[in-house]
Amino acid sequence: IVRYLLHHSESPSVRLYDDALPTRLLEGLYRCTAHPAGVDDGGNACASNNNSNSGRPKPWGTYVTIQEAVEGMDRFDITGCSVGNALCAEVETQSLDEHRHNLAVAVVALLLVGREGEASATVPSDAAASDPPKLVDQLADQSTALESDAHGVAVWALSSTVGSEVRYHIDYAEQYRYERNITVPPLLAGTLQCTNFAAFNDSGEEIGDRMVGGDFAVNLGGLVHYETNGYKGARSGDDRGGWTDPFVGVRSQSSSGSSAPHHDEQTDWVTVPYRYNRATFHHGQLPHLSTPIESIPHSGDDANGRSKLRVILGMNVFGHDIGPDVSRAPEHSDAFRRRIKMYRALLSKSCSNGDGGERSSVHNNRLSVEAVKKNKALSKLLVLAKREKVKQDLRERQEQLTNDIFEALQAASSVGVSAITVGELMDSLGRPGANGHWPTPTDVHVHLHHLLMGNGGPNKQKERRIVLIEGEVGKYGLVSPSAKLSSTQNTNMTRGF
């Protein structure tokens with residue numbers, strides 16, 4: 001997992017922005033996600049009618065560069081509803097994908113680049129002004145973060161109904177992970193609630209959101225918490241990562257009066273109730289989930305009698321290092337689905353014989369050469385699989401070298417030797433002239449350097465650490481072979497990086 005300096009705050013926070021966007025824009029987002037073809041209540045086409053989806057619409061995704069959003073500010077009026085009107089007026093000349101992308105550009109332009117005003121709420125309330133979610137404010141000010149940190153925003157939207165939930169996880173560049181097995185979290189993650197479930201009493205007074213459940217919860221423990229629980233609780237066995245509902249017995253239905261976030265200081269879970277037109281931002285590496293939707297009352301049905309769906313729009317801000325890769329196949333886009341389908345082709349045991357039938361591509365538990373040659377997706381994936389095997393072998397050897405280094409340092413300490421030099425470890429653990437076999441003395445040198453540099457970052461949480469007794473670690477060069485090292489137990493297991 002890649003860890004950015006931006007994520008190394010010891011006091012991460014969650015920031016809420018209520019009434020974040022013009023409602024006309026949210027109406028467009030809702031229609032083009034929940035009902036991506038057809039006519040809205042006012043007789044306006046919400047998109048071109050080239051969508052052939054049946055049943056609940058598929059999620060969609062796109063990518064908006066910061067430069068594109070800045071240029072888009074000239075086209076959008078952030079003070080009124082002309083944003084949605086202008087976009088919807090153009091739909092007859094747009095494809096569905098083009099219309100959705102323009103909506104996404106408007107969201108990024110108005111919410112991240114041109115947004116005005118402070119957060120409606122911050123949890124914890126005493127979070128420092130330099131906290132990473134403040135990147136939203138930095139983007140709004142068009143400060144150096146606009147140019148140096150953020151390349152663009154992966155934007156996606158999906159609809160859900162009763163029973164839907166999103167289990168405990170972290171966001172990351174999924175396509176990049178499929179290709180390289182490297183998990184890269186975004187710099188900043190955010191969500192926007194796009195469905196107005198408002199109902200009215202007999203007197204015509206609005207009584208607030210009436211959807212029960214569907215809350216957003218994020219844990220401030222970051223990657224330390226995620227390493228304990230794993231994806232969807234694969235390590236801990238709890239697919240909610242220890243989250244419990246803080247509102248049990250307190251509410252029966254969501255309302256405007258119960259939309260304040262709740263912070264459990266014992267578990268570091270922050271629970272944010274659903275509220276229409278609420279944007280929530282947090283550090284990109286924080287694990288989070290969406291609670292089950294318990295009920296959506298019929299009072300929320302639209303004028304055509306269709307039950308309303310909960311539509312949520314997600315945003316992941318990526319830097320210049322990974323943004324261009326993400327932009328080629330953003331999550332939930334058609335390009336993303338095509339690539340994932342290709343990568344999963346290896347799991348299939350058959351391929352087409354060219355006449356519409358299927359024939360086995362496995363003979364004696366081996367893939368035939370002919371089958372691989374005829375299946376371009378499969379042959380490409382086999383090359384990627386070979387690369388991943390090489391990478392996995394290297395990761396295992398690196399882990400073994402780390403253990404060998406600590407064993408050597410501990411063995412020296414047990415016989416009264418206070419420190420070992422980097423050069424001595426290179427000589428004892430490296431393999432001179434190993435003809436490509438890892439590790440060589442130079443490999444040991446580089447590995448030691450990375451371990452030392454990691455003491456100020458993610459390795460701070462590890463139980464054992466390498467200590468530099470004498471010598472220096474250069475910012476751009478390697479630690480000197482004459483530098484003296486020892487190991488120690490890390491008892492400072494505080495939260496954060």
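Because only heavy atoms are used, hydrogens play no part in the values below, and waters and symmetry mates are left out as well, while side chains stay in.
- A distance of 6.0 Å or more separates the ring centres of Trp60 and His99.
- Counting all heavy atoms, side chain and backbone alike, Ala279 lies closest to Ala20 at CB-CB, 4.0 Å.
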Passes side chain to side chain donor-acceptor pair (under 3.5 Å), Asp171 versus His288? Steps please.
-> CA-CA 9 Å; Asp171 291 343; His288 52 278; 3.2 Å; yes
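- The CG atom of Leu223 lies 11.5 Å from the NE2 atom of His225; values are rounded to the nearest 0.5 Å.
- For the atom pair Leu289 CG and Trp243 CH2, the distance stands at 6.5 Å (nearest 0.5 Å).
- Using a distance-only test at 3.5 Å, with no hydrogens or angles considered, no donor-acceptor pair links the side chain of Ser259 to the main chain of Pro273.
- Contact between Gln285 and Ile170 at its shortest, heavy atoms only, is O-CG2, 3.7 Å.
- A distance-only check finds no donor-acceptor pair linking the side chain of Thr33 to the backbone of Val311 [under 3.5 Å].
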Residue pair Val123, Arg15: steps toward the side-chain contact (heavy atoms from CB on, under 4.5 Å) verdict = CA-CA 7 Å; Val123 182; Arg15 295 177 187 265; over 6 Å; no
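- Across all their heavy atoms, Leu286 and Ser13 have their closest contact at CD1-O, 4.4 Å.
- Here the straight-line distance linking atom NE2 of His169 with atom CG of Asn229 works out to 13.5 Å at 0.5 Å rounding.
- One finds the OG atom of Ser333 at 12.5 Å from the OH atom of Tyr63 (value rounded to the nearest 0.5 Å).
- Between Leu220 and Pro124, some side-chain heavy-atom pair lies under the 4.5 Å cut-off.
- In this structure Asp325 satisfies the salt bridge (charged side-chain N to carboxylate O under 4.0 Å, His left out) test together with Arg328, sequence neighbours excluded.
- When atom types are taken as modelled, the side chain of Asn219 and the backbone of Thr267 share a donor-acceptor pair closer than 3.5 angstrom.
- Residues Leu112 and Phe281 are in side-chain contact: their nearest non-hydrogen atoms beyond the backbone lie under 4.5 Å apart.
- Thr195 contributes a side-chain N or O that, together with a main-chain N or O of Leu309, makes up a donor-acceptor pair within less than 3.5 Å.
- The OG1 atom of Thr161 sits 10.0 Å away from the CE atom of Met211 when rounded to the nearest 0.5 Å.
- Between Lys232 and Asp239 there is no salt bridge, since none of the side-chain N atoms of the basic residue sits less than 4.0 Å from a carboxylate O of the acidic one.
- Thr291 places a side-chain N or O within donor-acceptor distance of the main-chain N or O of Asp215, the cut-off being under 3.5 Å.
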Asn316 and Trp156: CA distance, side-chain angles, deciding distance, side-chain contact (heavy atoms from CB on, under 4.5 Å) verdict | CA-CA 9 Å; Asn316 285 330; Trp156 51 264; 4.2 Å; yes
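- Residues Leu96 and Pro36 meet the side-chain proximity criterion, which asks for heavy atoms closer than 4.5 Å.
- Val326 places none of its side-chain heavy atoms less than 4.5 Å from the side chain of Gln175.
- In this structure, OH on Tyr172 lies 5.5 Å from OH on Tyr231, to the nearest 0.5 angstrom.
- Remark: the backbone N or O of Gly241 is paired with a side-chain donor or acceptor of Trp269 at under 3.5 angstrom.
- In Glu396, the CD atom is crowded: over 12 heavy atoms of neighbouring residues, nucleotides or ligands sit closer than 6.0 Å.
- Remark: aromatic rings of Tyr274 and Phe197 are close, center separation under 6.0 Å.
- Ring orientation note: the planes of Tyr178 and Phe336 are nearly perpendicular, at an angle over 60° on the 30°/60° scale.
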Can Tyr276 and Leu26 be said to form a side-chain contact (heavy atoms from CB on, under 4.5 Å), step by step?
-> CA-CA 9 Å; Tyr276 174 57; Leu26 270 74; 3.5 Å; yes
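- Side chains of Lys58 and His332 form no contact here, defined as non-hydrogen atoms less than 4.5 Å apart.
- Among all heavy-atom pairs drawn from Pro324 and Gly319, the shortest one is CD-O, 4.3 Å.
- In this structure, the side chains of Leu192 and Arg278 stay at 4.5 Å or more apart for every pair of heavy atoms.
- With sequence neighbours excluded, the residues that form a side-chain hydrogen bond (donor to acceptor under 3.5 Å, both in side chains) with His101 are Thr62, Glu68.
- Considering all non-hydrogen atoms of both residues, Ala150 and Ile66 come closest at O-CG1, 3.7 Å.
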Residue pair Val446, Leu478: steps toward the side-chain contact (heavy atoms from CB on, under 4.5 Å) verdict | CA-CA 7 Å; Val446 173; Leu478 296 175; 4.1 Å; yes
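- Inter-residue side-chain proximity for Arg240 and Glu165 is flagged as met; some heavy-atom pair is nearer than 4.5 Å.
- With hydrogens and angles disregarded, no donor-acceptor distance shorter than 3.5 Å links the side chain of Tyr226 to the backbone of Tyr168.
- The pair Asp19-Arg275 meets the salt-bridge criterion, with a side-chain N (NZ, NE, NH1 or NH2) lying under 4.0 Å from an Asp/Glu carboxylate O.
- At distances below 3.5 Å, at least one donor-acceptor pair connects side-chain atoms of Arg100 with backbone N or O atoms of Cys32.
- Residues Leu25 and Leu110 have side chains in contact (heavy-atom distance under 4.5 Å, counting atoms from C-beta outward).
- Of the charged side-chain nitrogens involved, none lies within less than 4.0 Å of a carboxylate oxygen, so that Arg177 and Glu174 do not count as a salt-bridged pair.
- Of all non-hydrogen atoms in Val153 and Met315, the two that sit nearest each other are CG1-CB, 3.8 Å.
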